[in-house]
Amino acid sequence: MGTLLTDPKSRSCLCSLVLLASLLCGAYFIGNAFIEKQYKERLAQWKFSYGLQNNRPDCRDHCFPLETVALPKGIIAKTSNLQMQPLWGSTINSKGSKSSLSLLAIAVGINQKEVVNNIVKKFPSSDFVVMLFHYDGFMDEWRDLSWSDQAIHVSAVNQTKWWFAKRFLHPDIVAEYRYIFLWDEDLGVENFNPKRYLSIVQNEGLEISQPALDTVKSAVYHPITARQRGKVHRRYYKFKGSGRCDDESSSPPCVGWVEMMAPVFSQAAWRCVWHMIQNDLIHAWGLDIQLGYCSQGDRLKKVGVVDAEYVVHLALPTLGVSNAHKAASGLEKVDNRGKVRMQSSVEMKIFKDRWDNAVKDDSCWVDPYQLSVNRTSP
């Protein structure tokens, strides 16, 4: 150690290190003092702004997001929509005006272009905004359709409509739309009129609904979706075997249930359903059983199938199947529908477990349907 201190070169190096350390410490403390001062000043400003509002009796009931507390109430735009605006000559809508539009959102692949075209043409642009979720990457190929430039196009390869819906149909984005049609692409709509459909839905007080399926032409996987006589039905009957459904049944799938193929949600119901969609479970299997919790009331009354306006489920191959464009270019056709179905089943189990755990962990939650259990055969 004595040698290190008596050596001129070593002493010079040591002095340099001490000087550098002193400078760094000085910069650190000065910087901290400056940052602390700025933080205290900003905090004081927020407290001052918030305090001014809360000291006035007429302002205490105003609900502001914390981050916007410094803004005047009238400038805060809490919601948005999917309406495209022109680059010039825009007609500014009155802020107080309420939209009477509804939204049609469909996950599409180029193979079903003709079917989708028939669907969209049934929905008049004066009453509906159209949004297409392209799961195969093909978007420009839709440009030749007359309505394409007025539609919203979003593309993400090999994603489901529930993946798209969770990310692009946030309740605050679609808050202006009365109803949200979240449909698959393989539906025949020859006997479907969306305006008449919504008229029936409103008259019947349905918050969650779907058009019935033509039993002759459709692939029907769930009996409750099959078309019945009359205008609307809310339950189906099964008197033989296990899992009977009768007038005493009070839970899905006997009553309060629609299929995830062609659901229609009211604005309020969608706000609830969006929060129930799991960000990582893109097939949404199992969600249908719990939809009744979002019906804004009694699911026995607020969930139903509309028979007067019905569709055909064509059951065409979609996700998991390579498209015709790739096949035509010489690439081998791939069919992964079996893997897709297996993943869907896995996700259904995960969703059920999450629901059960959420119920167990939330001591404040009360199940409005806890006494509603379907009668089953012994």
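Numbering starts at 1 and runs along the sequence shown.
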Exercise for the section: Could you walk me through whether E309 and N193 pass the side chain to side chain donor-acceptor pair (under 3.5 Å) test, one step at a time? Expected result: CA-CA 6 Å; E309 299 296 326; N193 182 300; 5.8 Å; no
Problem - Working for ring-ring contact (aromatic ring centres under 6.0 Å, His included), residues W142 and H153 - result: CA-CA 10 Å; W142 297 77; H153 297 265; 7.4 Å; no
Exercise for the section: Evaluate side-chain contact (heavy atoms from CB on, under 4.5 Å) for V232 paired with I200, printing each intermediate quantity in order. Expected result: CA-CA 8 Å; V232 169; I200 294 171; 3.6 Å; yes
Exercise for the section: Report the C-alpha distance between K113 and L145 in whole Å, list the side-chain angles of each, state the deciding distance to 0.1 Å, and finish with yes or no for side-chain contact (heavy atoms from CB on, under 4.5 Å). Expected result: CA-CA 10 Å; K113 180 179 177 181; L145 299 177; 3.9 Å; yes
Problem - Verdict with reasoning, Y197 to V264, per side-chain contact (heavy atoms from CB on, under 4.5 Å) - result: CA-CA 10 Å; Y197 179 91; V264 180; 3.7 Å; yes
Handout entry: Step-by-step ring-ring contact (aromatic ring centres under 6.0 Å, His included) determination, F181 to F123
Key = CA-CA 11 Å; F181 290 68; F123 289 75; 5.3 Å; yes
Practice task
Please report the C-alpha distance between V311 and L213 in whole Å, then the side-chain angles of each, then the deciding distance to 0.1 Å, and finally whether the side-chain contact (heavy atoms from CB on, under 4.5 Å) criterion is met.
Solution key: CA-CA 5 Å; V311 298; L213 302 184; 3.7 Å; yes
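R234 places a side-chain N or O within 3.5 Å of a backbone atom of K301 that can act as its donor or acceptor partner. In terms of modelled atom types and a separation under 3.5 Å, the side chain of H313 and the main chain of S218 share no donor-acceptor contact. With hydrogens and angles disregarded, no donor-acceptor distance shorter than 3.5 Å links the side chain of W285 to the backbone of R341. For S344 (side chain) and V340 (main-chain N/O), a donor-acceptor pair under 3.5 Å exists by modelled atom type. Looking at R235, its side chain does come within 3.5 Å of a backbone N or O of S249 through a donor-acceptor pair. Looking only at distances, a side-chain donor or acceptor of N357 sits under 3.5 Å from a matching main-chain atom of D353. W162 places no side-chain N or O within 3.5 Å of a backbone atom of I277 that could act as its donor or acceptor partner. Within the 3.5 Å criterion, the main-chain N or O of E259 finds a donor-acceptor partner in the side chain of Q210.
The two residues V303 and V258 come nearest to each other via the heavy atoms CG1-CG1, 3.9 Å. The two residues R244 and G241 have their closest heavy-atom pair at CG-O, 3.2 Å. Shortest non-hydrogen contact noted between Y369 and S295 is OH-OG, 3.9 Å. Contact record, V306 with L206: CG2-CD1, 4.2 Å, taken as the closest heavy-atom pair. Nearest approach of A269 to Q296, heavy atoms of both residues: CA-NE2, 3.9 Å. Taking each heavy atom of Y236 and P253 in turn, the nearest pair found is CE2-O, 3.4 Å.
The line from CD of Q343 to CG of L281 is 8.5 Å long, rounded to the nearest 0.5 Å. How far CG of N158 is from CG of D136: 8.5 Å, rounded to the nearest 0.5 Å. One distance of note links CG of N117 with OG of S146; it measures 7.0 Å at 0.5 Å rounding. Note that the CD atom of Q83 and the CD atom of Q150 stand 12.0 Å from one another [nearest 0.5 Å]. Note that NE2 of H275 is 6.5 Å distant from NZ of K166, once rounded to the nearest 0.5 Å. Between M261 atom CE and L182 atom CG the span is 12.5 Å, to the nearest 0.5 Å.
Using a 4.5 Å cut-off on side-chain heavy atoms (C-beta onward), I119 and I106 make contact. Taking the side chain as every heavy atom from C-beta outward, L287 and F351 approach each other to under 4.5 Å. Proximity of V346 to H283: side-chain heavy atoms (C-beta onward) are nowhere separated by under 4.5 Å. Residues L198 and R178 meet the side-chain proximity criterion, which asks for heavy atoms closer than 4.5 Å. Put simply, the side chain of V174 reaches to within 4.5 Å of the side chain of W270, judged on heavy atoms. The shortest side-chain heavy-atom distance between W257 and V305 does not fall under the 4.5 Å cut-off. Residues I152 and V130 have side chains not in contact (no heavy-atom distance under 4.5 Å, counting atoms from C-beta outward). Annotation: side chain of Q112 is not in contact with side chain of D186 (no heavy-atom distance under 4.5 Å).
No chain of hydrophobic side-chain contacts below 4.5 Å, direct or via other Ile, Leu, Val, Met, Phe, Trp or Tyr residues, connects Y221 to L291. Hydrophobic clustering, with ILVMFWY side chains joined whenever heavy atoms are under 4.5 angstrom apart, groups L316 together with V120. In this structure, M139 is not a member of the same hydrophobic cluster as V108, with clusters built from ILVMFWY side-chain heavy atoms closer than 4.5 Å. I224 is not connected to F239 by any chain of hydrophobic side-chain contacts under 4.5 Å among Ile, Leu, Val, Met, Phe, Trp and Tyr, and they are in different clusters. Note: the hydrophobic cluster containing I350 does not contain M348 (ILVMFWY, side chain heavy atoms under 4.5 Å, direct or indirect links).
Between D356 and K352 there is a salt bridge, with a side-chain nitrogen of the basic residue lying less than 4.0 Å from a carboxylate oxygen of the acidic one. K195 and D127 are joined by a salt bridge, as a carboxylate oxygen and a charged side-chain nitrogen come within less than 4.0 angstrom of each other. Taking the charged nitrogens against the carboxylate oxygens, R271 and D172 do have a contact shorter than 4.0 Å, which makes a salt bridge. The existence of a salt bridge linking K231 and D307 is excluded, since no basic side-chain nitrogen approaches an acidic carboxylate oxygen closer than 4.0 Å. In summary, D214 and R227 do not engage in a salt bridge, as defined by a charged side-chain N under 4.0 Å from a carboxylate O.
Atom CE of M342 has 12 or fewer heavy atoms from other residues, nucleotides or ligands within 6.0 Å. Under a cut-off of 6.0 angstrom, the local environment of CD in E190 is sparse, with at most 12 non-hydrogen atoms contributed by other residues, nucleotides or ligands.
Looking only at atom types and distance, the side chain of Y135 has a donor-acceptor partner in the side chain of E185 under 3.5 Å away. Of the N and O atoms on the side chains of E176 and N81, at least one donor lies less than 3.5 Å from an acceptor on the other residue. Checking N279 against W163 by side-chain atom types alone, no donor-acceptor pair falls below 3.5 Å.
With W183 as reference, F192 is the one residue of F192, F265, F133 to meet the ring pair (Phe, Tyr, Trp, His ring centres under 6.0 Å) rule. Considering Q202, K302, E207 in turn, E207 is the only one that fulfils the side chain to side chain donor-acceptor pair (under 3.5 Å) rule with S266.
Centroid-to-centroid, the aromatic rings of Y293 and W355 come within less than 6.0 Å. Note: F128 and Y177 fail the aromatic proximity criterion, with ring centroids not under 6.0 Å apart.
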